[in-house]
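When a residue number appears, it is its place in the shown sequence, counting from 1. Every value quoted in this text rests on a predicted model; they were computed, and no experiment measured them.
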Amino acid sequence: MKSTSSSFLQALGSGLAGALVLNIVHESVRQLRPVDAPRMDILGERGLRKLLFKANAPQPDENTAYGLTLLGDVASNGLYYSLVGTGQGVWWRGIALGLAAGVGGVVLPGPLGLGDGPSNRTPQTKAMTVAWYLLGGLVAAGTSAWWSQATTEEK
């Protein structure tokens, strides 16, 4: 039986793996397909600037805002994907969480006042947004399944 701390560490590590892959894909594809690639970095920066404005805090320069947004994306997506957890059902949880995040990434920015364009401008943009978040969920699930198998084989 796994300890709670090792399961927690496995969930966090798996979530971080999913978040890193998601961000690497987003950043790579936006360089390769600037016309229709999802621009979640722009949504993140808009959200950051909106929060800072509401807090009456100073606005960072462009490079600082980009770095803070990227760090925030990895941290928040890592925590989100850590919900994949451990044990039975990680693949289904990874699929469900990935699809939910992808659909949310397409549907929610407009109503949140962040604009539709970065994730919703073309059918390809919408499809890539959902696909990249699904990929993150699958990587988190795969990492968790691998981790479980590796720790079982150690015993």
Side-chain angles (χ1 to χ4, degrees), residues 7-87 89-147:
S7 291
F8 182 70
L9 182 62
Q10 179 178 340
L12 283 178
S14 299
L16 180 60
L20 288 172
V21 168
L22 169 66
N23 277 276
I24 289 167
V25 170
H26 268 137
E27 290 300 306
S28 299
V29 174
R30 85 176 176 91
Q31 300 296 324
L32 298 170
R33 294 183 62 129
V35 173
D36 60 359
R39 293 298 308 270
M40 305 317 270
D41 57 310
I42 292 174
L43 290 176
E45 188 173 327
R46 288 177 183 171
L48 171 67
R49 291 192 182 283
K50 199 172 191 177
L51 287 172
L52 292 173
F53 178 78
K54 287 185 184 231
N56 204 23
Q59 293 290 324
D61 63 58
E62 193 68 29
N63 288 335
T64 303
Y66 174 79
L68 289 171
T69 299
L70 193 59
L71 182 63
D73 280 347
V74 171
S76 61
N77 286 320
L79 288 172
Y80 176 76
Y81 286 132
S82 72
L83 296 173
V84 166
T86 64
V90 293
W91 289 105
W92 290 113
R93 287 191 299 275
I95 291 168
L97 289 167
L99 287 175
V103 171
V106 171
V107 174
L108 294 177
L112 293 174
L114 302 175
D116 290 325
S119 64
N120 207 0
R121 78 185 157 278
T122 69
Q124 293 84 359
T125 307
K126 293 175 189 179
M128 284 187 267
T129 299
V130 174
W132 300 165
Y133 281 96
L134 174 58
L135 176 63
L138 291 171
V139 168
T143 303
S144 183
W146 168 83
W147 197 316

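Once rounded to the nearest 0.5 Å, the distance linking CG of Leu135 with CD1 of Ile24 reads 10.5 Å. Put simply, CD on Glu62 and OG1 on Thr64 are 9.5 Å apart, with the number rounded to the nearest 0.5 Å. The OG1 atom of Thr129 sits 12.5 Å away from the CG atom of Leu134 when rounded to the nearest 0.5 Å. The distance from atom CG of Leu68 to atom CG of Asp73, rounded to the nearest 0.5 Å, is 11.0 Å.
Across every non-hydrogen atom of Trp91 and Leu138, the tightest pair is CZ3-O, 3.7 Å. The minimum heavy-atom distance linking Arg93 with Thr86 is given by the pair NH2-O, 2.9 Å. Residue Gln59 comes nearest to Leu52 through the heavy atom pair NE2-CB, 3.6 Å, listed as atom of the first residue, atom of the second, then distance. Here the closest non-hydrogen pair linking Pro118 and Thr125 is O-CG2, 3.8 Å. Taking each heavy atom of Tyr81 and Tyr133 in turn, the nearest pair found is OH-O, 2.7 Å. Of all heavy-atom pairs between Gln124 and Asp36, the closest is CB-OD2, 3.5 Å.
Side chain of Ser144 to backbone of Ala140: no donor-acceptor contact under 3.5 angstrom is found. One N or O on the side chain of Arg121 and one on the backbone of Ala37 form a donor-acceptor pair closer than 3.5 Å. Between the side chain of Arg49 and the backbone N or O of Pro60 there is at least one donor-acceptor pair closer than 3.5 Å.
Under the 4.5 Å side-chain criterion, counting only non-hydrogen atoms from C-beta, Asp41 is not in contact with His26. Using a 4.5 Å heavy-atom cutoff, the side chains of Leu9 and Trp147 are in contact. You'll find the side chain of Val84 stays beyond 4.5 Å of the side chain of Ser14, heavy atoms only. Between Leu43 and Ser119, some side-chain heavy-atom pair lies under the 4.5 Å cut-off. Using a 4.5 Å heavy-atom threshold, the side chains of Asn77 and Leu16 count as separate. Looking at Arg30 and Met40, their side chains never come closer than 4.5 Å, going by heavy atoms from C-beta outward.
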